[in-house]
Amino acid sequence: MPELPEVHGYKTYIDSTSLHQRIIALDCRDSRLLKQSKSYFETQLINHEFKSTHRIGKYLFVETTSEKVLVIHFGMTGRPNYYKSESDRPKFGHIQLSFENGYHFAFENKRKFGWWDLTDSISNFKADHKLSDDARDLSLENFKASVSARKTDIKKIIMDQSVAAGVGNWMADEILYQSRIHPTRRVDQMTSEEIESVFDAMKKVIEVAIENDAHYRDFPEDFLMHFRKEGETCFHTGAEIEKIKVGGRTTYFSPEWQKK
DNA sequence: CGTTATGTTTCACT
DNA sequence: CAGTGAAACATAAC
């Protein structure tokens, strides 16, 4: 389920479980999840430790005591899991590290869209992958600058990781619902105030989601996530939520509430 | 059985 | 170069 708030939670989880422990084994059941050879991962991880983590958007960077930084992307169905007994290895824990203390760390990835990579530097990785600053830290100036030259639907823009790293499909729908902007509104036809309202809603959605540990049921009652599905109705208007495709992704919005 | 899923990358076109 | 739509990746769950 990982977008920015979920990955934020994963970072906290890893920080509180897996730092400063010597890694003694790496097991990978499907090498397609590794962007480098398994032996290279072993060289860089075995007998080393996780030192600290950093998050940009949906990417998690783990600094280690080796010269390389581990890059983790969770894909659509990834999450970390730390447990004591090997027998508790989760069903989809395709990559597992074992620590010297006897505990294990699994990278769960049901759909196998997630991956691990190794990089020399976070800033180079960020540049190579055209990642913007993390959406939580992004300035209004930078946001406006990357939006200004664009001529397409606002939803595609805010999901563009080079515009606001960390915004994914559900967050984009929520942000546009909160700012009352229609998902297919073209950015070049939006006023400066409307762009700012999207920016403000993005910040609000991020903070609310993080405060609630990305647990949607605890979100405020006027959040789209409570009725983001077919047949449900808008909290404000009572009208039926509509479902369309934008940029290839399923999109839910409230027709009268979000003006085109 | 067919459809759908919270993501990224690549590619053939406009 | 900017942008688009589609496809590919891989698999569980409904």
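A note on names: the letters A, B, ... follow the listed sequences, proteins ahead of strands, and every chain is numbered from 1.
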- So does A/R150 get a side-chain nitrogen or oxygen closer than 4.0 Å to the phosphate oxygens (OP1/OP2) of C/dA2? no
- Message: Can you measure A/Y216 atom OH to B/dA5 atom P for me and round it to whole angstrom units?
- Response: 14 Å
- Message: Does A/F74 reach a base, just sugar-phosphate, or nothing at all? Heavy atoms under 4.0 Å.
- Response: nothing
- Message: Within the 3.5 Å criterion, strictly below it, is a donor on A/D15 or A/T53 matched to an acceptor on the partner's side chain?
- Response: yes
- Query: Rounding to a whole Å, what distance do you find between A/E6:CD and B/dA5:C1'?
  - Reply: 14 Å
- Query: What residues form a side-chain hydrogen bond (donor to acceptor under 3.5 Å, both in side chains) with A/Q36, not counting sequence neighbours?
  - Reply: A/D117
- Task: Taking salt bridge (charged side-chain N to carboxylate O under 4.0 Å, His left out) as the test, write out the residues that go with A/D128, two or more places apart.
- Result: none
- Task: Only stems of 3 or more consecutive Watson-Crick or G-U pairs count here, both distances under 3.5 Å; name the ones for DNA chain C, or none.
- Result: B:2-5 with C:11-14, B:7-14 with C:2-9
- Does a sphere of radius 6.0 Å around NZ in A/K151 hold more than 12 heavy atoms from other residues, nucleotides or ligands, not counting ones at 6.0 Å or beyond? no
- Message: I'd like to compare against my own output: the B/S/- annotation of nucleotides 7-14 of chain B with a strict under-4.0 Å heavy-atom distance to protein.
- Response: BSS-----
- Query: Between C/dT11, B/dA5, C/dA12, which one does the side chain of A/K112 approach most closely?
  - Reply: C/dT11
- Could you measure between the two P atoms, the one in B/dC11 and the one in C/dA10, and give it in whole Å? 16 Å
- Would you call A/E63 and A/K51 a salt bridge, using N to O less than 4.0 angstrom? no
- Starting at NZ of A/K130 and ending at C1' of C/dA2, how long is that distance when rounded to a whole Å? 12 Å
- Item | Rounded interatomic separation in angstrom, taking CZ from A/R29 and P from C/dA10 | 18 Å
- Task: Respond yes when some side-chain nitrogen or oxygen of A/K156 is under 4.0 Å from OP1 or OP2 of C/dG5, and no when none is.
- Result: yes
- Message: Would you call the rings of A/H236 and A/Y177 parallel, tilted or perpendicular, taking 30° and 60° as the class edges?
- Response: tilted
- Contacts of A/E230 meeting salt bridge (charged side-chain N to carboxylate O under 4.0 Å, His left out) (sequence neighbours excluded), chain-then-number -> A/K243
- Task: Output the single nucleotide from B/dT6, C/dA10, B/dA5 whose closest atom is nearest the side chain of A/R32.
- Result: C/dA10
- Quickly work out the A/I157 CD1 to C/dA2 C1' distance and round it to whole Å. 11 Å
- Item | For atom NE2 of A/H215 and atom P of B/dT6, their distance in whole Å | 18 Å
- Item | Pairing residues for A/H48 by the side-chain hydrogen bond (donor to acceptor under 3.5 Å, both in side chains) criterion, not counting sequence neighbours | A/T65
- May I ask you to evaluate whether A/T250 reaches the phosphate of B/dA5, defined as a side-chain N or O under 4.0 Å from OP1 or OP2? yes
- Message: Nearest whole Å is fine: how far is B/dT6 P from A/K110 NZ?
- Response: 13 Å
- Query: Just by modelled atom types, is the A/G114 backbone N or O under 3.5 Å from a matching donor or acceptor in the A/N109 side chain?
  - Reply: yes
- Query: For the pair made of CG in A/N109 and C1' in C/dC9, what is the distance, rounded to whole Å?
  - Reply: 12 Å
- Message: For A/G78, is there any backbone N or O sitting under 3.5 Å from a side-chain donor or acceptor partner on A/Y10?
- Response: yes
